[in-house]
Amino acid sequence: MKTYRLDPAKLPQQKKTIFMVYGITFLVLIAITLAINWGKETMSSLVWMIPLMGALFLYSGNRAYKQRKDLWENYSLEIYDGYLLQNQPRYPELRLAKGDLVSSEEKKYGTLISAKQGKDILVITNYLPDNDFREVCDTLKGWIAENQAENQPQQPVPA
């Protein structure tokens, strides 16, 4: 058995991404609000509305970061000889047997694994340390290759 966890060095990038998403969205909404209300009587209501919107975005961004941090601290992927277990906050434990894996697909954010239970039910995220990510992907692709070889019909040998 081996346990894999998310790379703590990649968490600060998440903070930056969350800050950019919420910050840019906030600035765009402020610009739209000012453009719509410019020169109108409703402009005076923006004195309290803009700080309220700022507080909402600050709260939401902070909450999003805390959820991401919780994921980083509590995520685990365990690979045993014949199955794997994935645990992450707010989701039930995912248990897949080696023989249930049917395909994999590379994406920019990681590798999607499909099983008999459904398509793309497991994501091997590239937020794992780079060596661990490669090791997990290679192991699971090996399992998939074994399963595909076992499911191939045997060709009769010509006499």
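Nearest heavy atoms, L101 versus N147: O-ND2, 2.8 Å. Here the closest non-hydrogen pair linking T111 and S104 is CG2-CB, 4.0 Å. Contact detail for I124 and L122: the closest heavy-atom pair is CD1-CD2, 3.8 Å. Residues Y22 and S60 come closest through the heavy atom pair CE2-CB, 3.5 Å. Residues P89 and D70 approach most closely at CB-OD2, 3.4 Å, considering heavy atoms.
With K119 contributing its side chain and A115 its backbone, the two residues share no donor-acceptor pair below 3.5 Å.
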Residues T25, L29; criterion side-chain contact (heavy atoms from CB on, under 4.5 Å); working and verdict: CA-CA 6 Å; T25 304; L29 285 176; 4.3 Å; yes
Full working for side-chain contact (heavy atoms from CB on, under 4.5 Å) between L85 and L96: CA-CA 7 Å; L85 289 173; L96 293 173; over 6 Å; no
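Taking the side chain as every heavy atom from C-beta outward, T139 and I79 approach each other to under 4.5 Å. K107 is listed as a side-chain neighbour of E105, based on a closest heavy-atom distance under 4.5 Å. With contacts defined as side-chain heavy-atom distances shorter than 4.5 Å, the pair D120/I113 does not qualify. Inter-residue side-chain proximity for T3 and M1 is flagged as met; some heavy-atom pair is nearer than 4.5 Å. K69 is not listed as a side-chain neighbour of K15, based on a closest heavy-atom distance of 4.5 Å or more. No side-chain heavy atom of L11 sits under 4.5 Å from any side-chain heavy atom of L6.
From E135, atom CD reaches atom CG of L128 across 10.5 Å, with rounding to the nearest 0.5 Å. Separating the CD atom in E93 from the CZ atom in R95 is a distance of 6.5 Å, to the nearest 0.5 Å. To the nearest 0.5 Å, atoms CZ (F26) and CZ (F19) are separated by 11.0 Å. Between the NZ atom in K16 and the CE atom in M20 there is a gap of 7.0 Å [rounded to 0.5 Å]. Of the inter-residue distances, the one linking R68 atom CZ with T17 atom OG1 reads 8.0 Å to the nearest 0.5 angstrom. Here OG of S114 is found 12.0 Å from CG of D100. Values are rounded to the nearest 0.5 Å.
For the side-chain hydrogen bond (donor to acceptor under 3.5 Å, both in side chains) with K10, the qualifying choice from T125, N126, D130 is D130, the only one to do so. Between Y75 and the choices R5, Q88, Q86, the side-chain hydrogen bond (donor to acceptor under 3.5 Å, both in side chains) rule is met once, by Q86.
The hydrophobic clustering, which links ILVMFWY residues whose side-chain heavy atoms are closer than 4.5 Å, places M49 and W38 together. The same ILVMFWY cluster, assembled from side-chain heavy atoms under 4.5 Å apart, contains both L52 and L27. When the side chains of ILVMFWY residues are joined at heavy-atom separations under 4.5 Å, either directly or via intervening members, M53 and L46 end up in a single hydrophobic cluster. V47 and L34 are assigned to two separate hydrophobic clusters, defined by single-linkage of ILVMFWY side chains at heavy-atom distances under 4.5 Å. F57 and Y65 fall within a single hydrophobic cluster, where Ile, Leu, Val, Met, Phe, Trp and Tyr side chains are chained together by heavy-atom contacts under 4.5 Å.
Using a 30° and 60° split on the angle between ring planes, Y127 and W72 fall in the tilted class, from 30° to 60°.
For the residue pair E78/Y80, the side-chain donor-acceptor check at 3.5 Å is satisfied.
Under 4.0 Å is where a charged nitrogen must lie from a carboxylate oxygen, and between E106 and K141 at least one such pair does.
Other residues, nucleotides and ligands place no more than 12 heavy atoms under 6.0 Å from the CD atom of E41. Taking a 6.0 Å sphere around CG of N131, one finds it holds 12 or fewer heavy atoms contributed by other residues, nucleotides or ligands.
Geometrically, K98 does not engage Y83 in a cation-pi contact defined by less than 6.0 Å to the ring centre and at most 45° from the axis.
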